[in-house]
Amino acid sequence: MNKTELISAVAQTAEMTKKDSEKAVKAVIDVISQALVKGDKVQLIGFGTFEVRQRKAREGHNPATQKAIKIPASKSPAWRVSKQLKERVNSKKAAKKAKK
């Protein structure tokens with residue numbers, strides 16, 4: 001599912017126009033992004049947690065030349081799935097396999 005399909009699905013599920021749905025989806029993405037930039041965690045019970053993880057500086061290698069290079073420390077956005085969503089996804093998979 002891409003962003004356009006997500007907007008259409010939200011519009012249909014929430015019984016709103018695609019234009020309003022697009023604004024809502026964009027607002028959610030913007031708010032989560034802004035929170036991560038500030039270093040905050042966004043926890044959506046039953047769905048998951050968005051957070052920023054620190055990556056330490058380390059030494060790597062250039063695959064083309066095999067020369068050692070220094071990779072600087074960085075921050076990386078991450079998402080951790082909730083137990084409820086994980087169980088829901090796994091129960092759907094189990095049901096599909098049982099039908100075959």
Side-chain angles (χ1 to χ4, degrees):
M1 176 180 285
N2 63 32
K3 189 175 179 181
T4 303
E5 293 166 339
L6 176 64
I7 289 167
S8 294
V10 169
Q12 185 177 8
T13 303
E15 297 178 358
M16 55 195 313
T17 66
K18 282 188 181 179
K19 191 172 184 177
D20 288 341
S21 170
E22 182 177 9
K23 286 180 187 177
V25 169
K26 185 179 180 333
V28 168
I29 292 169
D30 288 347
V31 168
I32 291 171
S33 298
Q34 290 168 5
L36 294 176
V37 167
K38 291 192 306 187
D40 294 340
K41 209 187 280 192
V42 179
Q43 185 176 2
L44 304 172
I45 304 296
F47 184 68
T49 303
F50 297 91
E51 61 190 355
V52 176
R53 294 186 184 152
Q54 288 289 122
R55 300 176 109 186
K56 294 180 181 178
R58 62 194 190 282
E59 196 170 293
H61 70 279
N62 180 334
T65 63
Q66 298 301 319
K67 268 190 157 181
I69 57 172
K70 290 184 181 179
I71 301 170
S74 64
K75 295 177 183 176
S76 180
W79 179 68
R80 190 170 16 134
V81 68
S82 73
K83 181 181 175 186
Q84 295 92 339
L85 180 58
K86 190 173 186 178
E87 289 172 353
R88 191 171 176 187
V89 169
N90 285 320
S91 68
K92 295 288 184 189
K93 284 183 182 178
K96 285 182 183 179
K97 286 181 182 179
K99 288 181 182 179
K100 289 182 180 180

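All heavy atoms count here, side chains included; hydrogens, waters and symmetry mates do not.
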Item to complete: Determine whether Ile7 and Val28 fall in the same hydrophobic cluster, where Ile, Leu, Val, Met, Phe, Trp and Tyr are linked whenever their side-chain heavy atoms lie under 4.5 Å apart.
Response: no

Item to complete: Starting at CD of Glu87, measure out to CD of Gln84 and round the result to the nearest 0.5 Å.
Response: 7.0 Å

Worksheet entry | Non-hydrogen side-chain atoms of Met16 and Lys23 separated by less than 4.5 Å | no

Worksheet, complete the sentence: For Ser82 and Leu85 the tightest heavy-atom approach is OG-N, 3.1 Å

Item to complete: May I ask whether Phe50 and Ile45 are part of the same hydrophobic cluster, defined by side-chain heavy atoms of I, L, V, M, F, W, Y residues being less than 4.5 angstrom apart, directly or through others?
Response: no

Discussion item. Side chains of Lys75 and Gln54, heavy atoms from C-beta outward: is any pair under 4.5 Å?
Written reply: yes

Worksheet entry | Spatial distance of atom CD (Glu22) from atom OG1 (Thr17) [nearest 0.5 Å] | 9.5 Å

Worksheet item: Mind checking whether Leu44 and Val52 sit in one hydrophobic cluster, side chains of I, L, V, M, F, W, Y counted as touching below 4.5 Å?
Response: yes

Worksheet item: Which value, rounded to the nearest 0.5 Å, describes the distance between Lys26 atom NZ and Ser33 atom OG?
Response: 9.0 Å

Worksheet item: Does Glu51 CD have over 12 foreign heavy atoms under 6.0 Å away?
Response: yes

Discussion item. Quick one: does any side-chain atom of Glu5 pair with a main-chain N or O of Asn2 as donor and acceptor, under 3.5 Å?
Written reply: yes

Worksheet item: Got a sec: does the CD of Gln12 have more than 12 other heavy atoms crowding it under 6.0 Å?
Response: no

Worksheet item: Is it true that Val25 and Ile32 fall in one hydrophobic cluster, defined by side-chain heavy atoms closer than 4.5 Å?
Response: no

Worksheet item: Honestly curious: do Val81 and Leu36 fall in one hydrophobic cluster under the side-chain, below-4.5 Å linking rule?
Response: yes

Practice prompt. Answer yes or no: are there more than 12 heavy-atom neighbours, outside Glu15 itself, under 6.0 Å from its atom CD?
Written response: no

Worksheet item: If you round to the nearest 0.5 Å, how far is CD1 of Ile71 from CZ of Arg55?
Response: 8.5 Å

Worksheet entry | Nearest heavy atoms of Thr49 and Gln43, plus distance in Å | OG1-CG, 3.6 Å

